[in-house]
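Since the structure is predicted, the reported quantities are computational estimates derived from the model, not experimental observations. Order of appearance sets the numbers: ligands from 1, and atoms from 1 within every ligand.
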Amino acid sequence: MSSNPTARKRGGGVPIPLIEILSMNYKLIQNIVLVLFLWRWTRKAYYQLKGRGIFGSTFDFYRYSRAWLYGAFFSLPGVKSKVQLRISEAKFKLEKKYVPSGPVVERHLELPKDGWGVDKVREELGKLHEMKHTMWEDGRVSGAVYHGGEELIKLQTEAFGMFTVSNPIHPDVFPAVRKMEAEVVAMVLALFNAPDGAAGASTSGGTESILMACLSARNKAYQERGVTEPEMIIPDTAHAAFLKAGEYFKIKVHLVSCPPPSYKVRISSVSALINPNTVILVGSAPNYPHGIIDDISALSRLAHKKRIPLHVDCCLGSFLVPYLAIAGFDTEPFDFKLKGVTSISCDTHKYGFAPKGNSTILYRDKKLREYQYFVTPNWPGGVYGSPSIAGSRPGALIAGCWASMMSTGEDGYISACHKIVGAAKIIEDAIRTHEDLSTDLHVIGRPLVSVVAFSSRTLDIYAVSDAMTAKGWHLNALQNPPAIHVAVTLPIVEVVEQLLGDLKEVLQDVNERDRKAVAEGKGKRSLASGDASALYGVAGSLPDKTIVKELAKAFLDTLYKA
Ligand SMILES: *Cc1c(COP(=O)(O)O)cnc(C)c1O
Ligand SMILES: *[C@@H]1O[C@H](CO)[C@@H](O)[C@H](O)[C@H]1NC(C)=O
C-alpha cells in the first residue's frame with residue numbers, strides 16, 4: 001500500500017481509487033476476523049486452563065485420546081463383527097428376560113376386531129397384575145415404590161376416578177384441578193422456606209423439573225447477558241437428568257469430582273470452572289448414587305458472589321430432607337434460606353408418596369419461572385402457552401398428588417422420616433460395626449437421608465449385588481467407584497433385619513467362592529456372573545463406552561417389544 005503514492009495523498013483531496021478502498025477494507029475485515037478468531041480461542045484456552053489447570057487439561061486430553069483409540073480399535077472390521085456378535089447375544093438374553101414368550105402367553109399386536117367386554121378386560125388386567133415380578137410388596141426393591149400402603153393406594157385411586165377426564169390445560173372446564181395444582185405447589189414452596197415472591201410449577205417427574213431448571217437458567221443467561229454458548233457445572237454424582245438437559249438444550253456440562261472421604265462436590269474445582277458462559281451451578285440434597293448432601297452452603301456463597309443461579313436437586317430428598325431436623329436427625333442447610341439457592345426440584349412422587357408422574361420445580365422469583373414458559377402468539381390454533389414440556393396433562397394425577405399430601409400431612413411425613421431415615425441409619429450402622437459386614441464392606445461417605453451406598457475392598461461388589469438379586473432383592477449397582485446402594489422406602493423399613501441377614505450370607509458365599517477360585521488358580525472376577533457383573537465388569541472397565549451404549553440401547557428397544 002505504501003508503495004502507492006495516492007494513498008499518502010489522501011488528505012490532499014485526490015480521490016482514492018475504488019479498488020483500493022475495497023482492498024483496504026478487505027484487509028481490515030480480514031484482520032478483524034483474525035483478531036476475533038484469536039481472541040475467541042485465547043479466551044477458550046484461558047478458561048480451559050483456569051478451569052482444569054495444566055495437569056487437568058493434559059489429563060482430559062489423554063483420556064479423550066485413549067477413548068478415541070479404543071473406539072477406533074473396536075471399529076476395526078474383525079473386532080467389530082466379534083463385538084456385534086456379543087451384543088446380539090446380550091440382546092437375546094435381555095428379550096428372554098423381559099419379554100414373556102411361549103404357548104401360554106397371548107400377545108396382542110393389533111386392536112381386537114370387536115372390543116372386549118368389561119369382564120374380559122378385568123380378567124386380563126387381573127392376570128397382568130399377577131405377572132411374576134421382584135416383590136416390591138415385600139420390601140424387596142430399593143427405591144422405586146416409595147409408599148405402597150393399601151389405604152393410600154385406595155385413596156389415590158378414588159381421586160383418579162373423580163378426575164379421570166380432567167386436564168389443567170382447560171382451567172375453566174376443570175377449576176378444581178387448577179386449584180389443587182396451585183395448592184400443591186404452594187405447599188411445597190412453604191416446605192422449602194421459599195421467600196415472598198417465590199414461584200413454582202408442577203411437572204411429570206424429577207427429570208422434567210431438572211430440565212426446566214436448566215432451560216430457565218439457559219434462557220435467563222441468553223436474554224440478560226447474551227450467552228450463546230451456555231455451560232453448566234455439576235457434581236459428577238448429580239442425577240443423569242442434568243446430562244439430559246445438557247444434551248437436549250445444548251448446554252456444555254462440566255463434571256466436578258466428589259472425592260472421598262466426604263464424597264461432596266469439590267468447591268474449589270467448581271469455582272475454577274466458572275466463566276462468563278456459566279449459566280447454572282448444581283448441588284444435590286442428597287444425590288442418587290451415595291445419598292450425600294453436597295456442601296450447599298458453600299455452593300450458595302459462590303453462586304451469590306458470582307451472580308449465577310444455583311439449583312439444588314431435592315428430587316430424592318423430597319419430603320424427607322425438610323423434616324430431618326424435626327425428626328431428630330443430623331442435617332445440613334439446603335433450601336431457600338441460603339440466599340444463593342435460586343431453584344429447587346422436589347419430587348412429590350418420591351417421599352411425597354404421590355402417584356408416579358409428579359414433581360415440582362420451585363424458583364426464588366417469578367421471573368425465573370417465566371424463563372421456562374413456552375408461549376407462541378401466532379399459532380392458527382390460537383394463542384398458545386404452556387408452563388412446561390407437556391401440553392395436555394393428567395388432572396387425575398393432580399388429584400392423586402393433592403389427596404396424598406393432604407392425607408399424609410406434616411405428622412405423616414415426620415413419622416415417615418423417622419421410620420425411613422431410622423432404617424437407613426440401622427443399615428449404615430450395621431455395615432460400619434457388625435463384624436461379618438464391616439470386614440468386607442464400607443459405607444461411602446456420611447449419608448444423612450435415605451440412601452446408604454457401600455463398596456468393598458476385598459470382594460467384587462457386583463458379585464455381591466448379583467448374589468442379592470438371586471436372593472430376590474433388587475439393590476442398585478453403581479459405578480465410578482464400583483458400589484451398590486439401598487434407597488430405603490416404607491416397604492423396606494419392615495424388612496431391614498432380613499436384608500442385613502441376607503447380605504451377611506451373601507458375603508460368606510462370595511468369600512467362599514473367591515477362596516475356591518484362588519485355590520484353583522483362577523481369577524476372582526472370572527466367577528462373577530449376572531447383570532451387574534456383566535454390565536460393569538469387563539465392558540464397563542473399557543475406556544470406550546460404545547459397547548455399553550449399544551447394550552443400553554438394546555435394553556431400551558426391548559422395552560417396546562410386544
Ligand atoms: C429420582 C431422582 C431424580 C429424578 O428422577 P425422575 O425419575 O425423573 O423422577 C433426580 N435427582 C435425584 C437425586 C433422584 O434421585
Ligand atoms: C403432577 O402433579 C401436578 C400437580 O402438582 C399436575 O399439575 C400434573 O399434571 C401432574 N402430572 C403431570 C404428568 O404433569
Side-chain angles (χ1 to χ4, degrees), residues 136 141-147 184 188 192 200-215 232 234-248 253 255 258 263-265 280-294 296 299 310-322 324 332 334-335 341 343-362 388-390 393-394 397 400-401 404 420-421 424 444-445 447-453 474-478 483-489 492 556 559:
W136 67 264
V141 178
S142 159
V145 180
Y146 288 82
H147 193 287
V184 165
V188 184
F192 285 84
S202 48
T203 66
S204 61
T207 299
E208 192 183 345
S209 293
I210 288 169
L211 289 175
M212 289 299 102
C214 296
L215 180 67
M232 59 185 183
I234 72 172
D236 63 7
T237 50
H239 195 268
F242 291 99
L243 303 175
K244 203 179 215 178
E247 206 170 293
Y248 282 8
V253 180
L255 293 174
C258 306
Y263 291 88
K264 291 173 190 245
V265 69
I280 193 168
L281 307 182
V282 170
S284 315
N287 64 40
Y288 169 83
H290 312 137
I292 301 292
I293 301 182
D294 286 311
I296 308 293
L299 283 172
L310 167 63
H311 180 81
V312 178
D313 180 10
C314 291
C315 281
L316 184 59
S318 49
F319 285 46
L320 291 180
V321 251
L324 282 177
E332 283 167 18
F334 61 91
D335 66 12
V341 174
S343 58
I344 292 177
S345 46
C346 165
D347 284 2
T348 41
H349 72 193
K350 282 193 175 151
Y351 296 104
F353 307 136
K356 278 292 178 216
N358 260 140
S359 169
T360 52
I361 171 71
L362 317 173
S388 47
I389 291 186
R393 285 179 299 137
L397 280 188
C401 178
S404 310
I420 291 167
V421 180
I444 292 192
L448 294 184
V449 199
S450 60
V451 168
V452 183
H474 177 105
L475 307 184
N476 304 95
L478 313 166
I484 47 184
H485 87 204
V486 188
V488 178
T489 58
I492 294 185
L556 296 178
L559 299 181

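- Looking at T207 against ligand 1, both its backbone and its side chain come within 4.0 Å, counting heavy atoms.
- Counting heavy atoms under 4.0 Å from ligand 1, residue S345 does not touch it at all.
- Here is the list of ligand 1 atoms found below 4.0 Å of a heavy atom in P286: 13 (C).
- Checking side-chain atoms of S204 against main-chain N and O of G357 turns up no donor-acceptor pair under 3.5 Å.
- With hydrogens and angles left out, the side-chain atoms of Y263 and T237 include no donor and acceptor closer than 3.5 Å.
- Closest heavy-atom approach to atom 2 (C) of ligand 1 within the set K356, K350, E208: this belongs to K350.
- For the residue pair H239/S284, the side-chain donor-acceptor check at 3.5 Å is not satisfied.
- With hydrogens and angles ignored, the 3.5 Å screen pairs no side-chain donor or acceptor of H485 with any backbone N or O of N476.
- Separating the CG atom in L310 from the CD1 atom in I280 is a distance of 7.5 Å, to the nearest 0.5 Å.
- Close contacts between ligand 1 and D313 involve ligand atoms 10 (C), 11 (N), 12 (C), 13 (C) [criterion: under 4.0 Å to a heavy atom].
- Side chain to side chain, T203 and S388 fail the donor-acceptor criterion of an N or O pair below 3.5 Å.
- Checking only distances, Y288 never comes within under 3.5 Å of ligand 1, N or O to N or O.
- When only interatomic distances are considered, the shortest N/O to N/O separation between G206 and ligand 1 falls below 3.5 Å.
- Between the side chains of N358 and T348, no donor-acceptor pair of N or O atoms lies under 3.5 Å.
- Within the listing of ligand 1, atoms 10 (C) sit less than 4.0 angstrom from a heavy atom of I210.
- Each of the following atoms of ligand 1 lies closer than 4.0 Å to a heavy atom of H349: 9 (O).
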